[in-house]
Number of protein chains: 2
Amino acid sequence: MPSEQVENYLKNIYKLQTVEEKVTTSLLSEKLEISSASVSEMIKKLAEEGTLKHTPYKGVELTKEGEKLALKIIRRHRLWEMFLVQVLHFQWDEIDEEAEKFEHIMSQKMEDKIDKVLHYPTMDPHGDPIPQRNGTIKPNSAYPLSDAKKSTTVRVVRVSDTSSELLQYLSSVGIVLHKKIFVKECLRFDNSLIIKIHGQKEITISNKIAMNIFVEKI
Amino acid sequence: MPSEQVENYLKNIYKLQTVEEKVTTSLLSEKLEISSASVSEMIKKLAEEGTLKHTPYKGVELTKEGEKLALKIIRRHRLWEMFLVQVLHFQWDEIDEEAEKFEHIMSQKMEDKIDKVLHYPTMDPHGDPIPQRNGTIKPNSAYPLSDAKKSTTVRVVRVSDTSSELLQYLSSVGIVLHKKIFVKECLRFDNSLIIKIHGQKEITISNKIAMNIFVEKI
DNA sequence: TTTATAGTTTAGGTTAACCTAAACTATAAA
DNA sequence: TTTATAGTTTAGGTTAACCTAAACTATAAA
């Protein structure tokens, strides 16, 4: 049974691997806000335990075993988020922090009960896929709104879940999961987007915000 | 914010105080399964922090502050137990262990949401009173079935929650909360009780089991 | 080919909570 | 009044996860 801290390392390595080509100890250090000396020590320990491989200067890579553990934690995190929203009526910007704690103490029985009560969901409230019990995860084909072409209509399928401020802002302007968005214009100056949200009037959003909204072509 | 371990000390001291006249470091050591040297150290620390007073050889006593913290944990434990049974459909013998973990990481917001979903319950699934948000707790007037007089009828209002084996056994013979029990006979030999459970046939239960079932006169 | 920089590791230290072994001391029973 | 016992504390040690400061080294740009 890995410790809470070990679980956090594995989870973050997994997530970083989907975004960055190299997951170095120093990148991890930055993400986890732990000194690189400490990360280095921990990586050494995890490599000895067989959950990952570290090639210095090339980055770490989870083993089958490590990936399985990481997906377990991510599954618990996302199931719990879904539960917070659907059963306890939390807002979507309040749940990430809560789930950070609960993901580590959920027993298998608990996981199964929640899965059942929610009717075996496949997405969490931000549109992230929930890994299944057998460890499979549906890759998300969505791309950031910032990459959408001018004059196209897209549908919001996922939103970055790490900033509750962002989530609050999106709710306030009416950007929620499954909304249709028409991309009217992209300003050359700073890549701001002028968009029209289905059933509402036009607004302008910054490039940084657009990078955190994931969409699919309709 | 007290650590998980500190919370466990405070909770157990509170519970022991309701049962024993003296809560000594060695009694705590036994309950918590921690060496008395370690308990002694921790008690010293807690006394310095002002959550309890220790008079060597006389036992510890929680301060107002300490009692408040203890009741908070007990409230979270029992609310969570109730939630596990009512919302996630756990059996009453599976919940104590789960709640032991969750009681420490429940935020105020979480506590309030659960309280609301359950419609502000006053009892947990074993019949133990749930402390209210303001820190009041309804004292339980029940007494153990082992003290019930011969030829009286009583009602089960609470059951000791610490052994899941006991709870399973009680379910299997039909002893659940609010059941009426007629005490037919008490065997001199070992204080076994011959009882008739309302709507069922007579059974005999040991004194030890009877001590863990709490009843009220009808 | 050199060298700055990014990435990594080592050395030495801290903290909270635990441990065993041994010494101490108040209380209650003889 | 003595003394066994229950209760307590001290001394010295461990472990996991963290830290800073300093040294080391592969890679990529000059």
Side-chain angles (χ1 to χ4, degrees), chain A residues 1-17 19-62 66 69-70 73 100-101 103-105, chain B residues 1-17 19-62 66 69-70 73 100-101 103-105:
Chain A
M1 183 96 322
S3 76
E4 187 166 327
Q5 214 40 274
V6 164
E7 291 183 346
N8 273 331
Y9 274 88
L10 295 175
K11 181 184 71 174
N12 281 286
I13 291 168
Y14 182 91
K15 285 192 181 177
L16 286 172
Q17 273 184 345
V19 186
E20 319 271 343
E21 341 80 276
K22 288 202 310 185
V23 180
T24 60
T25 51
S26 37
L27 179 63
L28 264 172
S29 161
E30 199 185 311
K31 264 286 161 186
L32 295 167
E33 296 184 288
I34 290 171
S35 76
S36 33
S38 300
V39 170
S40 178
E41 257 177 28
M42 182 59 107
I43 290 301
K44 197 175 145 198
K45 194 188 119 188
L46 293 179
E48 273 162 16
E49 287 174 5
T51 45
L52 56 76
K53 265 176 140 167
H54 182 216
T55 320
Y57 303 90
K58 300 278 183 186
V60 299
E61 203 180 355
L62 293 180
L69 287 168
I73 303 305
E100 286 295 322
K101 299 179 288 181
E103 64 190 10
H104 303 293
I105 59 168
Chain B
M1 184 94 323
S3 74
E4 187 165 327
Q5 213 40 273
V6 164
E7 291 183 346
N8 274 331
Y9 273 89
L10 295 175
K11 181 184 72 174
N12 281 286
I13 292 168
Y14 182 91
K15 284 193 181 176
L16 285 172
Q17 272 184 343
V19 185
E20 319 272 343
E21 340 80 277
K22 290 202 308 186
V23 180
T24 59
T25 50
S26 36
L27 179 63
L28 265 171
S29 161
E30 201 184 310
K31 265 285 161 186
L32 296 167
E33 297 184 289
I34 290 171
S35 76
S36 31
S38 300
V39 171
S40 179
E41 256 177 29
M42 182 60 106
I43 291 300
K44 197 175 146 197
K45 194 188 119 187
L46 293 179
E48 274 161 15
E49 287 176 4
T51 45
L52 56 77
K53 267 177 137 166
H54 183 215
T55 319
Y57 303 91
K58 300 279 183 185
V60 298
E61 204 180 354
L62 293 180
L69 287 168
I73 303 307
E100 286 295 321
K101 298 180 287 181
E103 65 191 8
H104 303 295
I105 59 167

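All values reported here derive from a predicted model rather than from experimental measurement. Chain letters run A, B, ... following the sequence lines, proteins first, then strands; residues in each count from 1.
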- request: Give the B/S/- string for nucleotides 25-30 of chain C, one per nucleotide from 5' to 3', where a protein heavy atom under 4.0 Å of the base yields B, of only the sugar-phosphate yields S, and otherwise -.
  value: BSS---

message: Could you tell me how far apart A/L16 (CG) and C/dG7 (P) are, to the nearest whole angstrom?
response: 13 Å

- request: Can you run through DNA chain D from 5' to 3' and write each base as (, ), [, ], | or . depending on how it pairs? Watson-Crick or G-U wobble, both distances under 3.5 Å.
  value: ||||||||||||||||||||||||||||||

- request: Send over the distance from A/E21 CD to C/dG7 P, rounded to a whole Å.
  value: 11 Å

Spacing of A/E20 atom CD relative to C/dA6 atom C1', expressed in whole Å: 15 Å

Below 3.5 Å, can you tabulate the donor-acceptor pairs from side chains in residues 40-60 of chain A to any protein atom, sequence neighbours excluded?
| residue | atom | partner | partner atom | Å |
| --- | --- | --- | --- | --- |
| A/T51 | OG1 | A/L46 | O | 3.3 |

task: Let me know the distance between CD1 of A/I43 and P of C/dT10, rounded to the nearest Å.
output: 14 Å

query: Of all heavy-atom pairs between A/L62 and A/Q17, which one has the smallest distance, and what is that distance?
result: N-NE2, 3.3 Å

field: Set of residues satisfying side chain to side chain donor-acceptor pair (under 3.5 Å) with respect to A/N12, sequence neighbours excluded
entry: none

query: Does A/S40 make a side-chain N or O approach to OP1 or OP2 of C/dT9 shorter than 4.0 Å?
result: yes

Touch class at under 4.0 angstrom, heavy-atom based, for B/T24 against every strand present: sugar-phosphate

message: Tell me whether the side-chain N/O atoms of B/H54 come closer than 4.0 Å to OP1 or OP2 in D/dG7.
response: no

Return a table of donor-acceptor pairs under 3.5 angstrom between the side chains of residues 25-36 of chain A and protein atoms on other chains or two or more places apart.
| residue | atom | partner | partner atom | Å |
| --- | --- | --- | --- | --- |
| A/S26 | OG | A/T24 | OG1 | 3.3 |
| A/S29 | OG | A/I34 | O | 2.7 |
| A/S29 | OG | A/S36 | N | 3.4 |
| A/S35 | OG | A/S38 | N | 3.2 |
| A/S35 | OG | A/S38 | OG | 3.0 |

message: For residues 1-11 of chain B, which residue pairs pass the salt bridge (charged side-chain N to carboxylate O under 4.0 Å, His left out) check, not counting sequence neighbours?
response: B/K11-B/E100, B/K11-B/E103

task: Using whole Å, report how far NZ of B/K44 lies from C1' of D/dT8.
output: 12 Å

Under 3.5 Å, which N/O atoms of the protein pair with N/O atoms of nucleotides 17-20 of chain D?
| residue | atom | partner | partner atom | Å |
| --- | --- | --- | --- | --- |
| D/dA17 | OP1 | A/S3 | OG | 2.9 |
| D/dA17 | OP2 | A/K45 | NZ | 2.6 |
| D/dC18 | OP1 | A/Q5 | NE2 | 3.3 |
| D/dC18 | OP2 | A/Y9 | OH | 3.2 |
| D/dC18 | N4 | A/E41 | OE1 | 3.3 |
| D/dC18 | N4 | A/E41 | OE2 | 3.4 |
| D/dC19 | OP1 | A/S35 | N | 3.4 |
| D/dC19 | OP2 | A/S35 | N | 2.9 |
| D/dC19 | OP2 | A/S35 | OG | 2.9 |
| D/dC19 | OP2 | A/S38 | OG | 2.8 |

- request: Find out whether B/L69 and B/Y14 are in side-chain contact, i.e. whether some heavy atom of one side chain is under 4.5 Å from a heavy atom of the other.
  value: no

- prompt: What is the distance from CG of B/L28 to C1' of D/dT9, rounded to the nearest Å?
  reply: 16 Å

Check against side-chain contact (heavy atoms from CB on, under 4.5 Å), A/I105 and B/I105: CA-CA 9 Å; A/I105 59 168; B/I105 59 167; 3.0 Å; yes

